[in-house]
Amino acid sequence: MVIILRSNLSRLEIEGLVSEIEHLGVNARITEGTGQTIIGLVGDTTKIDRNKWQANPLVERVMIIQEPFKRANRRFKAEDTIIDVCGKKIGGKALTLIAGPCSVETEEQIVAIAREVKKLGATALRGGAFKPRTSPYSFQGLELEGLKFLKIARQETGLPIVTEIMSTDMIDTFADDVDIIQVGARNMQNFDLLKQLGKINKPILLKRGLAATIEEWIMSAEYIMAGGNDNVILCERGIRTVENYTRNTLDISAVPVVKKLSHLPIILDPSHAAGLNWMVDPLSKAAIAVGADGLIIEVHNNPAQALCDGQQSITPAEFGELIDKLRVIAPVVGREI
Ligand code: PEP
Ligand code: MN
């Protein structure tokens, strides 16, 4: 339920309403938009008498939210959420361009790629240290050593670092060391992990599950937000369909759907969606044209020798050419690079 307040109420009047609501055992969250203050009610709202609140002279309107997600709901907060990462904004006019290898392999590799993508326009560096691999015999990542190398790359370039968390055991370390914590597709419904991530304040990049509906995916964001962490960035990375030419099917329509349903930023991952390096260029262009807030792209300085996902990795030179094309598309859809 959402209570839209009349304009120009005093702080004291708003706080009075909030305490009255919380007295009923329901959580009240204030959102101050341009010219409108909204109180979002989360919890067991069956105790709230809608008619009584509608009759309150301080209240403009009471709205019932049908969707199961509340905090992530666009009706709960009309304005787009803009997330600050080391002074850079995600979800604002400027596009977020995250680039880097699937996995951190050596210090030299991650530092060299970081330098190149930074020069070409990347706004953050990706690199997996803890890798969720389908086979237990595949490279599992450098783990803590990988994290150390990522921190060196950040120090060398100033780029914020994005890396995947796989276990709740690592939350304290990630909260200290990582700028954007990635929850991978395979962990989208690891509710214990999501709940713990709700208790910290770091931005979370939440990938869509392999076969998750948009509603299930936003409900996972809701898990994080219910704990008090509103810094969630959604990431569409392709879903399983009957099509097997590509690794997954990029659900481009997820962008307008998410923008309609939620105020959270959404970025696209063309690399894991297609699984093919030559498709990263057209899918990235489509992503920006359709209104995505940015991209996360696998870039490797030697894709043929990559320890993970080389087939879908582009080179820094190809990344540079792509960014040049995106610089042309971005202003057409009101964005900038
Ligand atoms: C990754 O980003 O390297 C990754 C494993 O992604 P996903 O969880 O989308 O498969
Ligand atoms: Mn990968």
Side-chain angles (χ1 to χ4, degrees), residues 98-110 113-114 124-151 153 161-171 173-174 177-178 180-194 196-197 204-212 216-217 220 234-241 243-251 267-277 279-280 283 295-315:
I98 306 171
C102 181
S103 305
V104 180
E105 297 170 7
T106 61
E107 179 183 329
E108 294 68 34
Q109 173 240 22
I110 193 70
I113 296 173
L125 174 70
R126 66 150 288 149
F130 296 84
K131 293 301 305 174
R133 304 303 301 276
T134 303
S135 165
Y137 309 116
S138 302
F139 174 59
Q140 303 286 308
L142 297 182
E143 304 187 337
L144 285 175
E145 199 182 22
L147 205 49
K148 189 175 91 189
F149 296 158
L150 276 169
K151 285 163 66 184
I161 52 177
V162 184
T163 196
E164 179 169 353
I165 193 162
M166 298 225 294
S167 147
T168 52
D169 299 345
M170 292 307 296
I171 290 196
T173 307
F174 272 57
D177 291 348
V178 175
I180 301 177
I181 303 177
Q182 177 175 324
V183 174
R186 291 153 193 83
N187 271 314
M188 187 205 84
Q189 285 189 319
N190 181 339
F191 298 117
D192 198 33
L193 182 61
L194 301 177
Q196 299 299 325
L197 291 170
I204 310 296
L205 180 71
L206 179 66
K207 288 203 158 192
R208 183 175 180 181
L210 305 172
E216 286 165 339
W217 180 27
S220 291
L234 297 167
C235 176
E236 158 64 35
R237 45 76 74 203
I239 47 171
R240 286 261 165 92
T241 67
E243 183 52 65
N244 62 7
Y245 186 90
T246 47
R247 182 173 179 181
N248 293 289
T249 299
L250 180 64
D251 182 8
I267 67 166
L268 259 62
D269 175 346
S271 313
H272 291 87
L276 298 163
N277 56 10
M279 234 185 245
V280 169
L283 294 184
L295 296 159
I296 178 165
I297 297 178
E298 286 189 340
V299 178
H300 198 287
N301 47 6
N302 188 355
Q305 295 299 321
L307 294 181
C308 185
D309 286 350
Q311 79 293 348
Q312 64 195 32
S313 300
I314 59 171
T315 60

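As a basis for the values below, the full set of heavy atoms in this structure was taken, side chains included, without hydrogen atoms, waters or symmetry mates.
- Partners of Asn301 under the side-chain hydrogen bond (donor to acceptor under 3.5 Å, both in side chains) rule, at least two apart in sequence or in another chain, do not exist in this structure.
- Not one N or O on the side chain of Asn248 forms a donor-acceptor pair closer than 3.5 Å with the backbone of Leu210.
- Residue pairs meeting the salt bridge (charged side-chain N to carboxylate O under 4.0 Å, His left out) criterion with at least one partner in residues 296-312, sequence neighbours excluded, are Arg126-Glu298, Arg247-Asp309.
- Every side-chain hydrogen bond (donor to acceptor under 3.5 Å, both in side chains) that Thr249 has, sequence neighbours left out, goes to Thr241.
- The side chain to side chain contact (heavy atoms under 4.5 Å, CB included) search around Glu216 returns Met188, Gln189, Ala212, Thr213, not counting sequence neighbours.
- Checking side-chain atoms of Asn187 against main-chain N and O of Asn190 turns up no donor-acceptor pair under 3.5 Å.
- Taking Glu164 as the reference, nothing meets the side-chain hydrogen bond (donor to acceptor under 3.5 Å, both in side chains) condition, with sequence neighbours excluded.
- The two residues Glu105 and Cys308 have their closest heavy-atom pair at OE2-N, 4.4 Å.
- Residues Leu276 and Tyr245 are in side-chain contact: their nearest non-hydrogen atoms beyond the backbone lie under 4.5 Å apart.
- The ring pair (Phe, Tyr, Trp, His ring centres under 6.0 Å) check on Phe139 picks up nothing, with sequence neighbours excluded.
- Residues satisfying the side chain to side chain contact (heavy atoms under 4.5 Å, CB included) test with Ser167, not counting sequence neighbours, are Asp169.
- With hydrogens and angles ignored, the 3.5 Å screen pairs no side-chain donor or acceptor of Gln305 with any backbone N or O of Pro303.
- In this structure, OG in Ser138 is found 11.0 Å from NZ in Lys131, a value given to the nearest 0.5 Å.
- Proximity of Ser220 to Leu206: side-chain heavy atoms (C-beta onward) are separated by under 4.5 Å at one or more points.
- The closest side-chain heavy-atom distance from Ile314 to Val299 is below 4.5 Å.
- Considering all non-hydrogen atoms of both residues, Ala274 and Met279 come closest at CB-CB, 3.7 Å.
- For CZ of Arg133, the number of neighbouring non-hydrogen atoms (other residues, nucleotides, ligands) closer than 6.0 Å is greater than 12.
- Residue Thr163 holds its OG1 atom at 7.0 Å from CD of Gln182, rounded to the nearest 0.5 Å.
- How far CD1 of Ile113 is from NE2 of His300: 5.0 Å, rounded to the nearest 0.5 Å.
- Counting heavy atoms from C-beta outward, Ile297 and Pro270 have side chains that approach closer than 4.5 Å.
- Proximity of Ile165 to Val178: side-chain heavy atoms (C-beta onward) are nowhere separated by under 4.5 Å.
- Taking all atoms of both residues into account, the shortest heavy-atom contact from Gly127 to Leu150 is O-CD1, 3.5 Å.
- Scored by the side chain to side chain contact (heavy atoms under 4.5 Å, CB included) test, Ala114 finds Leu125, Ala153, Thr157 as partners (sequence neighbours excluded).
- A donor-acceptor contact shorter than 3.5 Å is absent between the side chain of Gln196 and the backbone of Ile171.
- Arg208 is linked by a side-chain hydrogen bond (donor to acceptor under 3.5 Å, both in side chains) to Glu236, Asp251, counting only residues two or more places apart in sequence or in another chain.
- Listed by chain and residue number, nothing satisfies the side chain to side chain contact (heavy atoms under 4.5 Å, CB included) test with Lys148 (two or more places apart in sequence, or in another chain).
- Taking CD of Gln311 as the reference point, atom CG of Asn277 lies at 8.0 Å (rounded to 0.5 Å).
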* To do: Dump the intermediate steps for side-chain contact (heavy atoms from CB on, under 4.5 Å) on Ile267 and Leu205, then the final yes or no.
  => CA-CA 9 Å; Ile267 67 166; Leu205 180 71; 3.5 Å; yes
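- Once rounded to the nearest 0.5 Å, the distance linking CD of Glu145 with OG1 of Thr106 reads 9.5 Å.
- Distance CZ/Arg237 to CG/Leu234: 14.0 Å, rounded to 0.5 Å.
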